[in-house]
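The next block holds one structure in the form of structure tokens; read it before the comments.
These values consider heavy atoms only, across backbone and side chains, with no hydrogens, waters or symmetry-generated copies. In this text, all values refer to a predicted model and were calculated from it rather than measured experimentally. In what follows, every chain begins at residue 1, and chains take the letters A, B, ... in the order their sequences are listed.
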Amino acid sequence: MRLATWNVNSVTARLPRLVDWLAATKPDIVCLQETKTATFPAASVEELGYQVAAHGDGRWNGVAVLSRVGLDEVTAGFPDEPGFPGAETRALGVTCAGVRMWSVYVPNGRTVDSDHYGYKLAWLAGLRTALEHELATHPKLVVCGDFNVAPADSDVWDPAAFVGATHVTGPERAALAALRDLGLVDVVPRPLKGSNPFTYWDYRAGMFHQDMGMRIDLFYATASVAGEVTDAYIDREARKGKAPSDHAPIVVDIG
DNA sequence: ATGCCTTATTTCATAAGA
């Protein structure tokens, strides 16, 4: 079974590329983030045999899951989900082929001294609580997507450039560690080029071509799933060419 | 990198992204 996660930076703008990528890559389950629409273009992916669950409300955020191996127990958001000020469309849980899948788009945090940073930490803490409850009834679980946190200094192109910035702070990294403490394993994908498993490169100034990126998209899975992984890679081809997302998909094959 | 690109929208300007 092939699983994937991809921050598409607008499913509307990315639809032609998404459809081509689905046809070429043939994933069974795909978690999407930053769909940026209240009206997911379901028909275009249903033609390829996918069922769709989407949670979006317009201009910002938005998550979805596509599956061609069943799609049940759809949960938009989670209990007591923190908001800014109201809950946003950042989490979607579904069950596919016996695996509980969560597609998440963690708040950016903006700057360390902003209210949005506190919101980010509160949201991650809330996610942890929700997943702790989920794990009681779903022993095979994956939570993947854009976490907006680089787990280690090696996960950014230049740690010196991030001093004082969000995405690399101790509290953000502690929030990820708290998720792993639930029994979730960080499935690190292999880069197809270069030495770092970056998943995001800024659009500007040739960042992608200089491999000045970040690993902020993550695939966390229970040991029962992670132990079955036969391959995991970052599809940098999807970051190339005309009108790409600024994130590349992570593809994970389960034996 | 100091949003130098890109997105959608309350559009020809703005807010947000990381």
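- Judged purely by atom type and a 3.5 angstrom limit, A/W6 uses its side chain to pair as donor or acceptor with the backbone of A/H247.
- When the P atom is compared between B/dA8 and B/dA18, the two are found 15 Å apart, to the nearest whole Å.
- Here B/dG3 is the nucleotide among B/dT7, B/dC5, B/dG3 with the atom lying nearest to any side-chain atom of A/Y200.
- Distance from the side chain of A/K36 is smallest to B/dA8 among B/dC4, B/dG17, B/dA8.
- A/D57 has its CG atom 20 Å from the P atom of B/dT7, to the nearest Å.
- Taking only side-chain nitrogens and oxygens, A/N9 never comes nearer than 4.0 Å to OP1 or OP2 of B/dT6.
- Taking atom C1' in both B/dT6 and B/dA1, the straight-line distance is 16 Å, to the nearest Å.
- Across the P atoms, B/dA13 and B/dT2 are found 26 Å apart, a figure rounded to whole Å.
- Straight-line distance from the CE atom of A/M214 to the C1' atom of B/dG17: 11 Å, rounded to whole Å.
- A salt bridge is absent between A/D155 and A/R173; no separation between the charged side-chain nitrogens and carboxylate oxygens falls under 4.0 Å.
- Nucleotides B/dC12 and B/dT7 place their C1' atoms 16 Å apart, quoted to the nearest Å.
- In this entry the distance linking CE of A/M207 with C1' of B/dT2 reads 13 Å, nearest Å.
- Look at CE on A/M212: it is 15 Å from P on B/dG3, rounded to the nearest Å.
- Regarding contacts with the backbone of B/dA16, every side-chain N or O of A/H116 stays at 4.0 angstrom or more from both OP1 and OP2.
- Picking from B/dA8, B/dT7, B/dA18 the nucleotide with the shortest atom distance to the side chain of A/T12 gives B/dA8.
- Where A/E34 and A/P244 meet DNA chain B, the nucleotide closest to each residue was compared, and A/P244 sits on the side nearer the 5' end.
- Contact of A/N148 with B/dA18 (side chain to base): no donor-acceptor pair of N or O atoms is detected under 3.5 Å.
- In terms of modelled atom types and a separation under 3.5 Å, the side chain of A/R239 and the main chain of A/F208 share no donor-acceptor contact.
- Annotation: B/dA15 and B/dT10 have their P atoms spaced 14 Å apart (nearest Å).
- Going from atom NZ of A/K120 over to atom C1' of B/dA16 covers 14 Å, rounded to whole Å.
- Remark: the separation of the P atoms in B/dA16 and B/dG3 is 14 Å, to the nearest Å.
- Residue A/R59 places its side chain closer to B/dA8 than to any other of B/dA18, B/dA8, B/dT6.
- Phosphate contact (OP1/OP2 of B/dA8, side-chain N/O of A/S10, threshold under 4.0 Å): present.
- When distances are taken from the side chain of A/A13 to each of B/dG17, B/dA8, B/dA18, the shortest belongs to B/dA8.
- Taking atom CZ of A/R204 as the reference point, atom C1' of B/dT6 lies 10 Å away to the nearest angstrom.
- Among the protein residues, A/A161 comes within range of no part of the nucleic acid, since none of its heavy atoms lies under 4.0 Å from any strand.
- Between A/R68 and A/D28 a salt bridge is recorded (basic side-chain N to carboxylate O distance below 4.0 Å).
- Between A/Y105 and the phosphate of B/dA16, there is no side-chain N or O to OP1/OP2 separation shorter than 4.0 Å.
- Checked by atom type, the side-chain pair A/W21/A/D235 shows a donor-acceptor distance below 3.5 Å.
- As judged by a 4.0 angstrom heavy-atom cut-off over every strand, A/N61 is placed among residues making no nucleic acid contact.
- Side-chain proximity of A/W60 to B/dA8, B/dA15, B/dA18: nearest is B/dA15.
- Computed from coordinates, the A/F208 CZ to B/dC4 C1' distance equals 19 Å when rounded to whole Å.
- Between the P atom of B/dC5 and the CD atom of A/Q210 lies a distance of 12 Å, rounded to the nearest Å.
- The main-chain N or O of A/V225 is never found under 3.5 Å from a side-chain atom of A/E228 such that the two would form a donor-acceptor pair.
- Of the candidates A/L18, A/V65, A/V63, A/L32 forms a side-chain contact (heavy atoms from CB on, under 4.5 Å) with just one, namely A/L18.
- You'll find a donor-acceptor pair under 3.5 Å spanning the side chain of A/D202 and the base of B/dG3, going by distance alone.
- When the nearest nucleotides of DNA chain B are assigned to A/R110 and A/V11 by heavy-atom distance, the more 5′-ward of the two goes with A/V11.
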